[in-house]
Amino acid sequence: MPITPATATHSSSNGTADAILLELVDENGVTIGTAEKLSAHQPPGQLHRAFSVFLFDERGRLLIQQRALGKYHSPGVWSNTCCGHPYPGEAPFAAAARRTYEELGVSPSLLAEAGTVRYNHPDPASGLVEQEYNHLFVGLVQAELRPDPEEVAQTAFVSPAELAERHAADTFSAWFMTVLDAARPAVRELTGSSPDW
């Protein structure tokens with residue numbers, strides 16, 4: 001696995017690990033400050049910048065992932081291809097490409113902006129709150145996946161019908177349907193196929 005700012009151990013001058021900071025935003029997505037990652041997710045949650053990626057194969061199937069069981073937030077649930085938070089000052093597009101590579105070991109062959117969505121989703125299992133201004137991206141994946149097991153338990157490519165079946169049978173992240181619904185116009189434009197997306 002490549003060592004990046006998200007996977008490296010940071011040490012401050014006093015020998016303690018540096019906190020991961022998120023970019024706090026207002027309702028219009030304008031940066032207003034920063035907060036430590038975990039504290040930003042404590043109830044009632046602080047509105048912060050995030051991103052969600054939806055990658056598709058050449059057959060128009062969506063790549064979904066099951067989050068690793070060791071993750072502190074929403075472990076073991078299925079979700080979109082990749083999601084996360086830009087570092088303060090990092091462009092959401094750059095963060096989306098970076099985290100897709102870090103989590104799945106692959107760079108999208110195409111990645112395009114697909115709008116934004118704002119939501120507030122409490123996670124009953126962890127007690128944390130997703131209070132996010134989320135930048136959406138859609139794209140294509142054509143290389144072999146090499147998932148990082150510390151981030152991803154499993155992956156699957158699904159058609160709209162297969163996703164509906166899985167969604168009825170498996171547990172998905174609290175934010176999954178919100179971000180998918182917001183990205184649907186761009187997904188349909190990208191896939192040029194099933195209106196079910």
Side-chain angles (χ1 to χ4, degrees), residues 22-25 27-29 37 40-41 45-57 60-68 71 73-86 90-104 106 108 110-126 128-141 147 151-168 170-191 194-197:
L22 305 185
E23 200 168 85
L24 300 180
V25 299
E27 294 292 337
N28 298 310
K37 183 178 179 180
H41 290 88
Q46 295 175 278
L47 184 59
H48 57 275
R49 195 175 309 285
F51 64 83
S52 289
V53 177
F54 298 86
L55 296 183
F56 294 82
D57 67 7
R61 299 179 303 168
L62 172 62
L63 173 59
I64 58 175
Q65 67 156 280
Q66 184 183 34
R67 293 165 62 86
K71 294 181 80 71
H73 188 0
S74 301
V77 304
W78 287 89
S79 198
N80 49 294
T81 306
C82 179
C83 55
H85 309 92
E90 182 182 26
F93 183 93
R98 171 179 58 80
R99 282 303 289 162
T100 299
Y101 185 79
E102 290 170 351
E103 290 188 12
L104 297 163
V106 65
L110 171 76
L111 192 64
E113 294 182 10
T116 58
V117 62
R118 191 260 195 254
Y119 53 79
N120 177 1
H121 286 301
D123 176 32
S126 68
L128 301 175
V129 177
E130 288 291 359
Q131 185 88 250
E132 295 187 331
Y133 187 93
N134 198 304
H135 296 257
L136 307 172
F137 299 92
V138 298
L140 300 174
V141 60
E151 298 286 345
V152 180
Q154 296 181 65
T155 61
F157 283 96
V158 294
S159 68
E162 290 166 338
L163 179 60
E165 289 175 11
R166 280 179 172 267
H167 197 261
D170 297 323
T171 303
F172 276 73
S173 63
W175 61 87
F176 177 74
M177 286 309 300
T178 299
V179 292
L180 177 59
D181 286 345
R184 282 185 198 277
V187 167
R188 291 181 183 126
E189 185 176 335
L190 175 78
T191 59
S194 172
D196 294 336
W197 283 126

Side-chain heavy-atom pair Asn134, Thr178 within 4.5 angstrom cut-off: no
Side chain to side chain, Arg49 and Pro92, heavy atoms closer than 4.5 Å: yes
Minimal non-hydrogen separation, Val53 against Ala96, with atom names: CG2-CB, 3.6 Å
Salt bridge flag under 4.0 Å for residues Glu162 and Arg61: no
Polar side-chain atom of Thr81 near backbone of Leu55 as donor-acceptor pair, under 3.5 Å: yes
Approximate separation, where rounding is to 0.5 Å, of Tyr133 OH and Leu47 CG: 9.0 Å
ring-ring contact (aromatic ring centres under 6.0 Å, His included) against Phe137, all qualifying residues, sequence neighbours excluded: Phe93
Non-neighbouring partners of Lys71 that pass salt bridge (charged side-chain N to carboxylate O under 4.0 Å, His left out), sequence neighbours left out: Glu151
Atom pair CG/NZ of Leu128 and Lys37 - distance to nearest 0.5 Å: 10.5 Å
Gln66 (side chain) donor-acceptor with Gly76 (main chain) under 3.5 angstrom: yes
Side-chain heavy atoms of His135 within contact of Glu113, under 4.5 Å: no
Salt bridge (charged side-chain N to carboxylate O under 4.0 Å, His left out) pairs, two or more places apart, involving residues 170-187: Arg166-Asp170, Asp181-Arg184
Validation row: Trp78, Val158 side chains within 4.5 angstrom (heavy atoms): no
Closest non-hydrogen atom pair, Asp123 against Ser74: OD2-OG, 3.6 Å
Exercise: identify the closest heavy-atom pair between Gly139 and Leu190: O-CD2, 3.4 Å
Close side-chain approach of Leu104 to Val152, heavy-atom, < 4.5 Å: yes
Residues His85 and His48: side-chain donor-acceptor under 3.5 angstrom: yes
Parallel, tilted or perpendicular, as decided by the 30° and 60° cut-offs, for the rings of Phe56 and Trp197: perpendicular
Option among Arg67, Glu130, His41 that satisfies the side chain to side chain donor-acceptor pair (under 3.5 Å) test with His73: Glu130
